[in-house]
Amino acid sequence: MNELELEKQFNERIARDEKIEPKDWMPEKYIQTHIRQMSQHAHSEIVGMLPEGNWITRAPSLRRKVALLAKVQDEGGHGLYLYSATETLGISRDELINQLHSGEAKYSSIFNYPALTWADMGAIGWLVDGAAIINQVALMGASYGPYSRAMVRICKEESFHQRQGYEILMTLMNGTPEQREMAQDSMNRWWLPALMMFGPTDDKSPNTEQSVKWKLKRKTNDELRQAFVDQTVPQAEFIGLTFPDKDLKWNEERKHYDFGALNWDEFWQVVKGHGPCNKQRIEARIKAHEDGKWVRDAAMAYAEKQINEELKQAI
Ligand code: FAQ
């Protein structure tokens, strides 16, 4: 079968909502787009461990420490599923890690902002995981089987993360005036960066059109951003938090909340490596990778020993 016929069959499978599996024929651009998005997603999970990991030793109680520790470990696990899923497209883990360390691959802009107070653990869980869930629930319907299946488990775990974050903020909002102030300050710093996690507006998003056709993206950046705003406003109001956006209000005609313009210059600066913490995040990842070399070497030596033992027994 020639390339054109293969592509026609492939498009028909996508139209029928069939999952595409690793050994199936795929257009080269489909492969490259998936490697780009899935690896960016994996990198975001493991870089995303850093702002919260920094607070594990400073959690205010044992219960909070246990929950935060579990959450950060979950994020590491998400990174691993996603790296494995990306490897099914013919790229190695080493290549992916090198792309992150060299700055060739992107990761989510949000993780380049600093976590300054305990309330930020609440805001990250509630807003950042909340935004991630809205995006990832849509990705459960993605056409590439390994990506779509990874999302199912990831979404279950993210929903616990979101609740633990919301509960931290709810507790602070029921606390002293200083605690309420800390929670509001955190909301003021994280709200707009969380909205920018969904990526540029649809008219400035070069990848959306093709990714929607391939059913990699089931919703556009603006659709997901709007869903997140609509879901989050009542939750904030319930615990008494206000929004750093004077244009945020319910639009009866649209049946959605309107919100003010986002600072896209800041977004692109952060994406290009000039955010408040880009340098320290990448340095921390490189150091962790280098410090873990002995573990990888030991695992390889052990695997080699096992193979040699099996070979000896087979002879
Ligand atoms: N940050 O054409 P589009 C989490 C780039 S997981 C940095 O719209 P696309 C869990 C984009 O790559 C969070 N770069 O791109 C957690 C593209 O550049 P390229 C991560 C961004 O791919 C919680 C260019 O801009 N989630 O939070 C961003 O169609 C707490 C043009 O943009 C995912 O990765 C950004 N925010 O749509 C962990 C979900 N936005 O590559 C720890 C999967 C855009 O052409 C603690 N990814 N860019 O040079 C997606 O759904 C999509 O990739 C989008 C972007 C929606 C992020």
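Whatever order the structure lists them in is the order used to number ligands and atoms, beginning at 1. Note that these values count all heavy atoms, side chains included, but never hydrogens, waters or copies made by symmetry.
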Determine whether the aromatic ring centres of residues Phe111 and Trp190 are separated by less than 6.0 angstrom. no
I'd like to know if atom 54 (C) of ligand 1 has any protein heavy atom within a distance of less than 4.0 Å. no
Will you find, in the side chains of Tyr113 and Arg189, an N or O donor that is under 3.5 Å from an N or O acceptor? no
The answer for which part of Lys217 has a heavy atom under 4.0 Å from ligand 1 is side chain
Is the closest heavy atom of Ser211 to ligand 1 under 4.0 Å? no
Does the separation of the ring centres of Tyr30 and Phe10 fall below 6.0 angstrom? yes
Region of Asn207 that comes within reach of ligand 1 [heavy atoms, distance under 4.0 Å]: both
Could you check which of Phe111, Phe267, Trp268 puts a non-hydrogen atom nearest to atom 24 (C) of ligand 1? Trp268
Close approach of His78 to ligand 1, heavy atoms, under 4.0 angstrom: no
Under a 4.0 Å threshold between the charged nitrogen and the carboxylate oxygen, would Lys71 count as salt-bridged to Asp129? yes
Out of His161, Gln37, Gln162, Met151, who gets a non-hydrogen atom closest to atom 47 (N) of ligand 1? Gln37
Which residue owns the protein heavy atom closest to atom 23 (C) of ligand 1, what's the atom, and how far is it? Asp129 OD2, 3.5 Å
Between His41 and Tyr107, is the ring centre distance below 6.0 Å? no
